[in-house]
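Structure record follows, encoded as structure tokens.
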Amino acid sequence: GGVDYNTRVYINGKPAGSHIGGDTAFSFDITRLVKDGSNEVVVQVLDDMTTHLQPTGKQAFNKSEGCVYTRTTGIWQPVWLEAVGSSFVENISIVSDPDNSRVLITAKINGMDKNLKLTAEAFADGKKTGSDTTTGPWQNQLVLNLKKKILWEPGSPFLYELKLSLFSGKEKIDEVASYFGLRKITIDGRKILINGKPIFQRLILDQGFYPEGIWTAPTDEALKHDIEMCMACGYNGARLHQKVFEPRFLYWADKLGYMVWGEYPNWGFNYKPEGYSAYV
């Protein structure tokens, strides 16, 4: 989910892969490295903020002071092991199109089983309201025309349920559950409109630090509670400041009807040409 900052992973003493960046999720296929019985996983992390060649956000270079806070080093988001079949849905991208009462889905299939077929189904209040099917491996495009159109907006955050099923012939070999909302964002002069209506954004600044885990929230309930407290104080959204927040936080924002502006934690990064080329 997130490791700050330069990561190398070893399985049973052999390299599984590496990743640079403290805020984005990554994964490695370790099939070739695992064995029956016990396996050893080693995660090596380098986090050298003094070079100014990596973004730091509000993390202090030395000690917490002023408006910079305790550093985060190493694993700060969840880690999990996931078993998949010979073909599976690797990831999906969803774009809502409320003007045409539909949703556009791009799904990436990993695998080369024969006669692959991918079906996407949308549900509103438990009842199927749209579906589409495509065949073949790799990138798949699906268009779900929705019989029931309900918009997502602050104060009324309706979400559709989404199910993707991957078949090899008649056999279902993978299934993914997700969700989406229908909403349209436009700009009219100095106004930002959601679904054609101007929204006054009363936003709080949220820095995402926790006494128990610094960047790491102690529980899922804590993430939800942060949003609930802000909404109880009259805020309808937040500026997520100098940190890429957890997907679980964004899930609760979707569920509760809470708007967010996201920032990349680039404070502390050297933007000089030589620094930028070294970072890239």
Side-chain angles (χ1 to χ4, degrees), residues 1-3 7-21 23-44 75-96 102-124 126-146 159-181 220 244 246-252 254-255:
V3 182
T7 309
R8 295 182 177 90
V9 177
Y10 301 86
I11 307 294
N12 298 319
K14 297 180 180 179
S18 61
H19 179 264
I20 295 176
D23 305 276
T24 53
F26 60 93
S27 63
F28 304 121
D29 182 350
I30 62 171
T31 306
R32 70 190 189 285
L33 302 174
V34 295
K35 61 184 181 180
D36 291 338
S38 299
N39 289 264
E40 180 188 65
V41 180
V42 173
V43 180
Q44 179 192 49
I75 300 169
W76 70 278
Q77 284 203 38
V79 179
W80 66 94
L81 180 67
E82 182 175 347
V84 296
S86 55
S87 294
F88 58 96
V89 180
E90 185 169 336
N91 59 55
I92 60 173
S93 173
I94 305 172
V95 177
S96 63
R102 65 180 186 174
V103 64
L104 313 175
I105 299 174
T106 300
K108 183 179 179 182
I109 306 301
N110 188 319
M112 292 294 292
D113 282 308
K114 294 181 179 179
N115 301 318
L116 287 176
K117 180 180 71 173
L118 180 65
T119 296
E121 299 171 290
F123 300 86
K127 296 181 180 179
K128 187 162 72 173
T129 187
S131 65
D132 193 18
T133 297
T134 184
T135 59
W138 311 117
Q139 293 283 92
N140 293 265
Q141 308 292 328
L142 302 105
V143 179
L144 277 66
N145 294 302
L146 303 171
L159 296 173
Y160 292 80
E161 296 174 355
L162 178 66
K163 183 173 75 171
L164 290 94
S165 302
L166 181 64
F167 296 87
S168 175
K170 295 183 179 181
E171 180 187 2
K172 182 187 289 189
I173 57 176
D174 194 23
E175 182 175 292
V176 175
S178 189
Y179 68 90
F180 64 88
D220 183 64
V244 177
E246 301 89 324
R248 292 179 298 150
F249 182 93
L250 302 180
Y251 166 80
W252 285 117
D254 289 342
K255 292 280 286 186

Considering the options I92, V176, L166, which one meets the side chain to side chain contact (heavy atoms under 4.5 Å, CB included) requirement together with L118?
L166

Is T24 close to V244 at the side-chain level, that is, under 4.5 Å between some pair of heavy atoms?
no

Once rounded to the nearest 0.5 Å, what's the spacing between atom OG of S168 and atom NZ of K117?
11.0 Å

Please collect all side chain to side chain donor-acceptor pair (under 3.5 Å) contacts where either partner lies in residues 8-17, sequence neighbours excluded, each pair once.
N12-N39

Write down the atom of L116, the atom of G111, and the distance for their closest heavy-atom approach.
CD1-O, 4.1 Å

In this structure, OG1 of T134 is separated from CD of Q141 (nearest 0.5 Å) by 8.0 Å

What are the two closest heavy atoms between Q77 and P247, and how far apart are they?
OE1-CD, 3.6 Å

Can you see which heavy atom on A25 is nearest to which on H19, and at what distance?
O-NE2, 4.5 Å

F167 and side chain to side chain contact (heavy atoms under 4.5 Å, CB included): which partner among I173, N115, T135, T119?
T119

What is the minimum heavy-atom distance between W76 and D23, and which atoms define it?
CZ2-OD1, 4.3 Å

Take the angle between the ring planes of F180 and Y160 and call it parallel below 30°, perpendicular above 60°, tilted in between.
parallel

NZ/K127 to OG1/T129 distance, rounded to the nearest 0.5 angstrom?
10.5 Å

Closest approach of L142 to A107 (non-hydrogen atoms, all atoms of both residues):
CD1-CB, 4.4 Å

Just do the side chain to side chain contact (heavy atoms under 4.5 Å, CB included) check on T7 and F26 with the steps written out, would you?
CA-CA 10 Å; T7 309; F26 60 93; 4.0 Å; yes

Any pair with a residue in residues 166-176 that passes salt bridge (Lys or Arg N to Asp or Glu O under 4.0 Å), sequence neighbours left out, goes on the list, sorted by first then second residue, please.
K172-E175

According to side-chain contact (heavy atoms from CB on, under 4.5 Å), who are the partners of R102, at least two apart in sequence or on a separate chain?
D97, N100, L104, V143, N145

Nearest-0.5 Å distance, OG of residue S27 to CD of residue E90
7.0 Å

Measure across A120 and I105 and return the closest heavy-atom pair with its distance rounded to 0.1 Å.
CB-CD1, 4.2 Å

Residues V42, V9; criterion side chain to side chain contact (heavy atoms under 4.5 Å, CB included); working and verdict
CA-CA 6 Å; V42 173; V9 177; over 6 Å; no

List for me each residue that meets side chain to side chain donor-acceptor pair (under 3.5 Å) alongside D113, sequence neighbours excluded, and say none if there are none.
S86, S87

Just to verify, what does E246 make a side chain to side chain donor-acceptor pair (under 3.5 Å) with, not counting sequence neighbours?
none

Partner set under side chain to side chain donor-acceptor pair (under 3.5 Å) for E40, not counting sequence neighbours:
none

To the nearest 0.5 angstrom, please state how far the CG atom of L162 sits from the OG atom of S131.
11.0 Å

First locate atom CG of D254, then atom CZ of F249, and finally report the distance between them rounded to the nearest 0.5 Å.
10.5 Å

The test is side chain to side chain contact (heavy atoms under 4.5 Å, CB included); show your working for K128 and F123 and say whether it passes.
CA-CA 4 Å; K128 187 162 72 173; F123 300 86; 3.7 Å; yes

